[in-house]
Amino acid sequence: MTLKNVYDVVVIGSGPGGLAAAVAAKKEGAQDVLIIERDVELGGILLQCIHNGFGLEIFKEDLPGPSYAQRYVKEAYSLGVEVLLDTMVLDITPQRKIYAASKRNGFIEIESRSIVLAMGCRERTRPQIRIPGSRPAGVYTAGTAQRWVNVEGYMPGNRVVILGSGDIGMIMARRLTFEGAKVERVLEVMSYLTGLTRNYVQCLLDFDIPLQLRHTVKRVIGNNHVEAIEAVQVDEKWNVVPGSEEIIPCDTLLLSVGLIPENELSRKAGVILDPVTGGPVVDDNFQTNVNGIFAAGNVVHVYDLVDWVTEAGYQAGKCAAAHANEVRRKEHHLIPLIAGNNVRYIVPHMLDKRNLEGSEIRLQMRVSKPVEQPVWLEVHDKNNLITRRAERYVRPGEMVTVVLKPDHFTDVNKADSLTIDVVPR
Amino acid sequence: MEEIQKLICISCPKGCSLEVTVDGDTVVKVSGETCKKGVDYAEKEITDPRRMIATTVRVKNGFHPLVPVYSLQPVPKPLIRDVLKELRKVELAAPVKQGSIVLENVLGTGVNIIASRDMPVS
Amino acid sequence: MPESYDFVIIGGGVVGCMLARWLSRYEGSVLLIEKEADICMGATAANTAIVHAGYDPLPDSLKARMNVTGNQMWDQLSGELNFPFERRGDYVVAIGDDELPALDTLMQQGKKNGVMGIQILSKAEMIVREKNINPDVSGALWATTGGICDPFAVTVAAAENAVLNGVKVMLNTAFEDFIMEGSRIVGVKTNRGDIKCRWAINSAGVYSDQVMHKAGVRPEFIIKPRRGEYFVFDRADITIDNVLFPVPSEKGKGILVTTTLHGNTIIGPNANIIDDKENRETTKVGLNEIWEGAQKLVPSLSLKYVIAMFAGLRPYGNGPCKTPGIDYQHDYIIEIPEDVQGFVNLGGIESPGLTSAPAIAQEVVDMLRDAGEEMKEKKGWDPIRRGRPRFRDMDHEEQKRLVHMDPRYGRVICRCENVTEGEIVAEIHAPIPALTYDAIKRRTWLGTGRCQAGFDMPRVVKILADELGVSPLEVSKKGQGSEFLARPTKQVEN
């Protein structure tokens with residue numbers, strides 16, 4: 001694939017938000033749409049979410065994650081969306097220049113009329129919830145374990161404790177049970193379940209996996225590999241209930257303790273983040289404070305249903321395409337004003353030809369050297385004189401103005417550029 | 001002798017709390033549901049509880065070593081482990097198409113297990 | 001017939017590796033043995049990464065001399081070995097008027113120790129220099145020669161340079177005992193067999209007491225590790241530009257707030273004396289202690305932005321001893337004992353051990369020469385160890401050239417720290433091969449960012465397995481027993 005220098009819409013990330021954005025952008029008429037994905041195929045985290053429960057709102061079907069993703073992947077390819085896989089975006093500038101790198105395509109620099117940020121979110125980690133103890137192998141976020149089990153085909157362990165009753169945690173409890181592991185316990189520090197009740201029923205209750213609310217991990221035990229964890233009960237003020245300590249032997253501790261929108265690239269692009277959501281501040285078109293940079297899905301705030309991520313992605317993609325189309329039209333109608341003979345500069349530097357249809361445009365300039373005799377200020381395109389203004393003399397210290405009138409629109413509209421020269425009269 | 005059982009509907013992410021009045025094996029009344037699925041679920045859960053199954057099977061020469069699969073309809077809950085056991089024996093060969101049948105009428109349940117995604121050759 | 005060396009160094013921390021590099025300059029064969037799967041796994045691995053100016057140790061102590069001499073050697077060392085080092089100075093910050101006199105005392109002590117470039121700063125000056133400082137600051141001691149480094153980079157660079165100059169390094173090789181002929185050491189017993197040597201050098205860190213006891217030296221010297229706990233903050237949200245110490249106390253240099261070469265703010269350490277030489281657990285109590293201590297210097301820190309926590313052990317000696325002039329709690333043991341031959345004994349090298357390491361290495365060379373070793377310089381000794389590319393530290397033009405030369409540098413494996421496949425592969429095949437996840441992490445800094453390896457870990461496991469030609473099941477975090485994965489899926493019936 002040959003990369004273009006400039007795209008209409010570049011989508012960063014190909015999870016449900018990114019895929020929907022790319023598809024919607026194409027449907028909205030954006031010409032060159034590119035997805036940049038860091039993994040080796042499109043689909044994002046949906047590909048490792050092999051459980052069903054996706055698509056009930058949008059398709060009225062109960063689909064597994066990979067099936068849900070594949071519908072949009074197919075649509076994106078069939079609409080002619082371009083794709084860069086195994087490619088990491090390194091930097092985005094507020095002017096929408098994108099730096100990326102991959103093994104196959106090397107170092108990549110492209111510009112885009114619109115960008116949709118769809119990087120999704122990352123998992124909260126052990127240090128973020130400050131679980132003390134040793135630092136052995138065997139402590140993983142639930143999502144990392146999910147990738148190993150469902151995509152790469154490896155089990156992180158055989159006796160597992162899960163901290164956090166989020167959906168990924170409960171779903172992994174069932175998944176690991178299916179693969180022959182013993183899930184000893186699911187611990188939840190809150191007094192309530194943080195995931196969906198249906199997952200409590202079909203992932204924990206069905207397989208007699210005990211859930212303990214108001215419980216957490218006090219410490220991790222084992223120098224090289226997890227050998228056990230110490231669980232404790234906490235009270236309403238999150239203080240340890242004395243005497244509630246329990247050592248649970250296990251070889252794996254999985255963490256399902258929350259998701260954080262992933263916005264390191266957004267920051268580089270100058271996007272303002274909301275400290276509450278951790279995601280960009282967006283308007284109703286999902287546009288950020290940076291003109292032409294949009295954001296959709298878990299990168300904005302963490303959703304609980306993929307269907308709503310898709311919906312947000314659609315909206316963002318549509319608006320990104322509209323923005324790109326407008327920029328394109330503007331680029332098409334925008335022509336430069338060239339300082340010709342004895343003209344030092346002209347302001348504005350460029351003009352949008354369409355603006356001449358209804359109103360005048362005043363061109364202000366200074367000359368380079370004085371001419372103490374009558375002169376013309378001639379405005380012409382490559383071949384034809386469009387208008388001219390008479391002056392008795394011109395001096396660098398005195399600004400001169402030429403006015404383009406709606407009468408000139410027909411001529412100007414044919415021009416690729418306008419040059420202004422000072423010539424003797 | 002009527003008695004009331006509490007269930008949580010798992011038909012969709014809402015997870016409605018249901019109160020089911022049963023007389024022996026017969027469902028007399030369901031309340032707490034917010035759509036028709038709740039009533040269906042309650043009746044099924046009392047008489048013949050079923051669950052969807054999603055897992056993986058091995059695939060030869062695939063882009064990944066596993067292909068995710070799922071049951072097109074729910075299978076009887078007591079058979080889950082046996083179905084998984086059957087699936088562990090399966091090894092497909094790439095390419096695999098999404099929706100292609102991995103196990104037909106698994107354990108005589110009338111349910112087909114199908115591939116969740118395409119799995120191209122590596 | 002066991003292998004035979006002129007020198008066997010026991011322990012691959014910064015002192016052992018620096019010594020290996022120093023000895024590599026001279027004729028004679030050198031072997032370094034390390035019990036872990038990588039060098040730099042003990043005290044060198046978990047500390048504050050500061051090159052101390054030298055105002056802290058007691059005047060006239062060996063520690064003071066090693067600190068001040070060592071400090072002066074770092075610029076040349078960083079140039080020769082190509083590791084990053086920034087001499088940005090450090091500050092001892094007095095909070096409230098009560099603490100002000102302590103600055104004078106430290107300054108006088110520093111002058112006695114021969115530390116150049118120290119001065120007292122006013123409250124106003126300190127606030128200008130560190131915008132986040134506690135507004136109750138009353139003044140600060142500024143030591144211009146203080147610096148920051150990356151202890152892994154330093155140790156690896158020294159060891160690599162040693163290897164390139166002919167030193168042999170054996171990992172996973174644990175010292176068990178000495179082989180003695182009368183009072184002379186003629187070899188060491190290890191878990192991988194006996195090794196003959198003319199000189200054995202004890203640089204075993206927290207285990208240096210046990211090693212010297214096997215030679216019958218200083219049976220009264222006991223190391224009880226002082227455990228120090230740390231928090232690391234996300235550099236996107238917390239930026240402290242300086243190295244800030246509190247006024248020191250009896251327990252040591254105190255809990256500081258400092259920056260790292262990678263731009264992350266770290267706080268710590270506390271100092272708890274423990275019995276277990278392997279216990280690097282963090283504790284709730286200890287983490288609270290460092291949190292409160294750090295807030296004294298910088299009240300605006302936020303726990304929300306903690307991205308890592310760890311604990312390290314300092315090899316802390318047990319107090320005054322029979323030998324005049326040596327106080328195990330406050331000084332180092334650097335000696336060739338009189339009653340045992342063929343033995344160089346280093347003990348209790350705790351902070352500022354990292355700073356002192358090059359001076360200690362030079363001291364040992366001098367002692368060996370005094371003991372009658374010829375120490376003849378080797379022809380062709382190369383003091384230069386070349387660095388390897390670090391994608392993250394490059395601008396876009398440099399990155400472009402690097403990726404063009406080797407496309408593997410275009411595949412970013414660690415999203416937070418931007419570490420590439422090219423860098424990982426280069427470390428796996430380096431002179432001191434990085435054979436575990438942690439070994440790669442310490443060298444490249446991958447997995448140390450805000451996602452704490454959630455993204456890169458499966459990918460690095462795969463790269464390690466491919467490059468080493470082993471199954472992913474054999475890939476470990478830090479050596480045998482710390483494998484990431486238990487078994488393939490689909491293999492258990494239930």
Side-chain angles (χ1 to χ4, degrees), chain B residues 49-72 74-98 100-104 106-109 111-122, chain C residues 403 406-416 419-425 428-429 435-437 440-441 446-447 451-477 480-494:
Chain B
R50 286 174 175 250
R51 295 288 183 268
M52 296 285 282
I53 287 186
T55 182
T56 53
V57 299
R58 278 180 283 226
V59 57
K60 251 195 199 128
N61 300 324
F63 186 68
H64 293 301
L66 302 171
V67 62
V69 300
Y70 72 112
S71 62
L72 210 42
V75 300
K77 203 170 137 185
L79 291 180
I80 290 175
R81 281 174 197 275
D82 297 323
V83 172
L84 290 170
K85 206 167 171 176
E86 288 305 303
L87 285 168
R88 256 183 230 123
K89 297 178 197 158
V90 173
E91 182 168 40
L92 304 176
V96 176
K97 291 307 271 180
Q98 188 209 341
S100 60
I101 294 175
V102 174
L103 272 185
E104 195 171 0
V106 60
L107 297 175
T109 55
V111 174
N112 293 340
I113 307 288
I114 65 167
S116 305
R117 56 167 287 179
D118 291 352
M119 186 54 66
V121 175
S122 86
Chain C
V403 175
D406 184 343
R408 289 177 298 183
Y409 286 93
R411 183 161 176 247
V412 177
I413 300 296
C414 169
R415 64 180 171 193
C416 304
V419 178
T420 62
E421 182 181 328
E423 291 161 87
I424 296 167
V425 171
I428 295 173
H429 301 295
L435 305 175
T436 66
Y437 179 88
I440 293 171
K441 172 177 173 176
L446 70 74
C451 95
Q452 288 286 299
F455 180 77
D456 70 70
M457 200 190 287
R459 290 164 175 82
V460 176
V461 167
K462 182 142 195 331
I463 294 171
L464 264 169
D466 289 350
E467 293 295 322
L468 299 176
V470 300
S471 152
L473 297 173
E474 291 174 54
V475 174
S476 74
K477 184 174 190 311
Q480 206 171 18
S482 66
E483 289 77 11
F484 288 102
L485 301 167
R487 61 178 167 85
T489 54
K490 311 289 150 209
Q491 280 194 349
V492 166
E493 291 299 324
N494 68 319

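Chain A is the first sequence line, chain B the second, and so forth, proteins listed ahead of strands; every chain is numbered from 1. Because the structure is predicted, anything quoted here is derived from the model rather than measured.
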Worksheet entry | Interface residues of residues 58-71 of chain B facing chain C - non-hydrogen atoms under 4.5 Å apart |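 B:Arg58, B:Leu66, listed by number.
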Worksheet entry | Whether over 12 other heavy atoms sit under 6.0 Å from C:Arg487 CZ |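 Counting neighbours around CZ of C:Arg487, more than 12 heavy atoms of other residues, nucleotides or ligands fall under 6.0 Å, so yes.
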Worksheet item: Is the number of heavy atoms from other residues, nucleotides or ligands under 6.0 Å of B:Lys97 NZ greater than 12?
Response: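 Counting other residues, nucleotides and ligands, NZ of B:Lys97 stays at 12 neighbours or fewer.
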Practice prompt. Under the side-chain contact (heavy atoms from CB on, under 4.5 Å) rule, collect the residues that match up with C:Ser476, sequence neighbours excluded.
Written response: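 Expected list: C:Thr436, C:Ser482, C:Glu483.
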Fill in: Step-by-step side chain to side chain contact (heavy atoms under 4.5 Å, CB included) determination, B:Val90 to C:Lys490
CA-CA 10 Å; B:Val90 173; C:Lys490 311 289 150 209; over 6 Å; no
Worksheet item: Can you tell which of B:Thr55, B:Thr56, B:Val57 has the highest number of heavy-atom pairs within less than 4.5 Å of chain C?
Response: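 So the answer, after comparing B:Thr55, B:Thr56, B:Val57, is B:Thr56.
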